[in-house]
Protein chains: 2
Amino acid sequence: MMKHKLKAYFDKYVNLSDDELELIFEKLEVVQFNKKDFLLTAGAVCNSKYFILEGLIRVYEITSNGNETITQFGVEHWWITNLDSFINKTPSRLSIQALEKTVVFAVTKTNLDYLYRAVPKLERAFRIITENMLIAIQRKDEVYMKKTSKERYFNLVKSIPNFAQRVPQYMIASYLNITPEYLSEIRKNNS
Amino acid sequence: MMKHKLKAYFDKYVNLSDDELELIFEKLEVVQFNKKDFLLTAGAVCNSKYFILEGLIRVYEITSNGNETITQFGVEHWWITNLDSFINKTPSRLSIQALEKTVVFAVTKTNLDYLYRAVPKLERAFRIITENMLIAIQRKDEVYMKKTSKERYFNLVKSIPNFAQRVPQYMIASYLNITPEYLSEIRKNNS
DNA sequence: CATATTTCTTAAGATAGCTTAAGAAGAATA
DNA sequence: TATTCTTCTTAAGCTATCTTAAGAAATATG
């Protein structure tokens, strides 16, 4: 069950004893969100990190001209939060919303800070996890900063299986920074 | 001197005893680079992290069409490395080069891994430093993905004092993903 | 099912930013 | 100080992508 998944996940980074795992597990909460539920609404401080067990979420912002602009998608086994708001306790400009029925582990900042002290290995695990996130975002930047819309689109849909089926096209367009109209055109000319 | 600077820096994140500081200091190397020297050349594995004490560096890549494209600048008190290459020991596509006479602390992967075990607090420090880097890159993304060239330019020059004086314009253009010609035009129309 | 809502497509005209080419200005070196 | 190399500017024409507007298709809801 849940505890198993947690162990399997952390085993990739550190070796936790049963006691340590138990300690961690006690401070996590399993939360279920329905489609369109919010994990975080803009304006609030982001008090938790979420580990996605199943489902799909998006992180987005309402820009000054009133448009939604998606900055991130999260799928199974990704940690999602607004790190800036989480760490600095500043109100979030971003909202986080489930796009499908989604189940997560949620851990509050208080609990996580407690756990870092109680289970020092967790500090190592998150050091590594955060490094991996940094590498991932740097790879994304290479694609998004230097490639055309078409290249970005095909890069994305081939990197997450089924993605184009699970997410409306206009959201993909928003994430890729292109208009839905232009994305429609790209697809027409390439299929 | 050098040890002092190191202490002042880490004090922002954790409290190190003199012994711990000494241990860390022994595993660092102070290296000086002249203008145009390479800290890392494309094709090699990136074996060190560099902490910039003074100077200015750029991280760049030669794209498939033979152009240089700058992905990052590094100034005083920033850690610079190709994290992907550093962690996964893969050959780097990026090069890292000094743009001014630059002095750094260099720490090799072997030494850093040793230090994480010898000084667990360092693990915490780097967990936090890495989180801060992640926040910084996410902020950059907001500006670079969603704003016009003009906005990106003015955002950059006001965020690093003197930047426009220290770095040739064509390099700024490269970093901002615009042509030098167009940057020239932007500047003409706004001064 | 029928209607309402959400999502996707098409197409015409507009624009930001690119390409190419050339020369001007500035900085470095003999 | 002259010469060479590096960096910046100007301008004309071009292309990727956006805007606007409308209707078509798909999906959700009464």
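Note on naming: letters A, B, ... go to the chains in the order of the sequence lines (proteins, then strands), and numbering restarts at 1 for each one.
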**Request:** Measure the distance from CG on A/N177 to C1' on D/dT17 and round it to the nearest whole Å.
**Result:** 12 Å

**Asked** Should B/L99 and B/K35 be marked as a side chain to side chain contact (heavy atoms under 4.5 Å, CB included) after you check the CA-CA gap, both sets of side-chain angles, and the distance that decides it?
**Response** CA-CA 5 Å; B/L99 295 179; B/K35 189 170 177 171; 5.9 Å; no

**Prompt:** Under the criterion side-chain contact (heavy atoms from CB on, under 4.5 Å), which of A/W78, A/Y13, A/F51 is the partner of A/I129?
**Reply:** A/Y13

**Prompt:** Can you check the B/Y182 OH to D/dC14 P distance for me, whole Å?
**Reply:** 19 Å

**Asked** Separation of B/E181 atom CD from D/dT7 atom P, in whole Å?
**Response** 14 Å

**Message:** Rounding to 10°, can you tell me the angle the first-five-pair axis of the helix from C/dC1-D/dG30 to C/dA30-D/dT1 makes with its last-five-pair axis?
**Reply:** 50°

**Complete:** Per side-chain hydrogen bond (donor to acceptor under 3.5 Å, both in side chains), B/Y153 is matched among B/K147, B/Q169, B/K158, B/R187 by B/R187

**Asked** Would B/E142 and A/R93 pass as an ion pair if we require N to O under 4.0 Å?
**Response** yes

**Prompt:** How do B/K35 and A/Q169 order along DNA chain C: which one's closest nucleotide is nearer the 5' end?
**Reply:** A/Q169

**Asked** According to the interplanar angle, ranging from 0 to 90°, do the rings of A/Y116 and A/F126 count as parallel (below 30°), tilted (30 to 60°) or perpendicular (above 60°)?
**Response** perpendicular

**Prompt:** For B/I172 and D/dC8, what is the distance between atoms CD1 and C1' respectively, to the nearest whole Å?
**Reply:** 12 Å

**Request:** Using atom CG of B/L183 as one end and atom P of D/dT7 as the other, report the distance to the nearest whole Å.
**Result:** 14 Å

**Phosphate contact (D/dC18 OP1 or OP2) by A/T179 side-chain N/O below 4.0 Å** = yes

**Prompt:** Given the rule in the salt bridge (Lys or Arg N to Asp or Glu O under 4.0 Å) test, do A/E131 and A/R127 qualify, once you have shown the distances and angles that lead to the verdict?
**Reply:** CA-CA 6 Å; A/E131 283 176 350; A/R127 192 259 302 161; 3.2 Å; yes

**Asked** Given that A/R152 and B/M171 both sit by DNA chain D, which one's nearest nucleotide is further toward the 5' end?
**Response** B/M171

**Prompt:** How are the rings of A/Y50 and A/F33 set to each other: parallel, tilted or perpendicular (split at 30° and 60°)?
**Reply:** perpendicular

**Message:** Reading DNA chain C from 5' to 3', where do the contacts with chain B start and stop? Cut-off is 4.0 Å to heavy atoms.
**Reply:** C/dA16 to C/dA21

**Request:** Considering just the side-chain nitrogens and oxygens of B/Y170, establish if one lies under 4.0 Å of OP1 or OP2 belonging to D/dT7.
**Result:** yes

**Request:** Calculate the interatomic distance between A/K147 atom NZ and D/dA16 atom P; express it in whole Å.
**Result:** 16 Å

**Asked** Can you check whether A/S149 has a side-chain N or O nearer than 4.0 Å to OP1 or OP2 of D/dT17?
**Response** yes

**Complete:** Tightest non-hydrogen contact, residues A/I87 and A/K109, listed as O-CE, 3.8 Å

**Asked** Between A/F163, A/Y60, A/Y144, which is the residue that forms a ring-ring contact (aromatic ring centres under 6.0 Å, His included) with A/Y175?
**Response** A/Y144

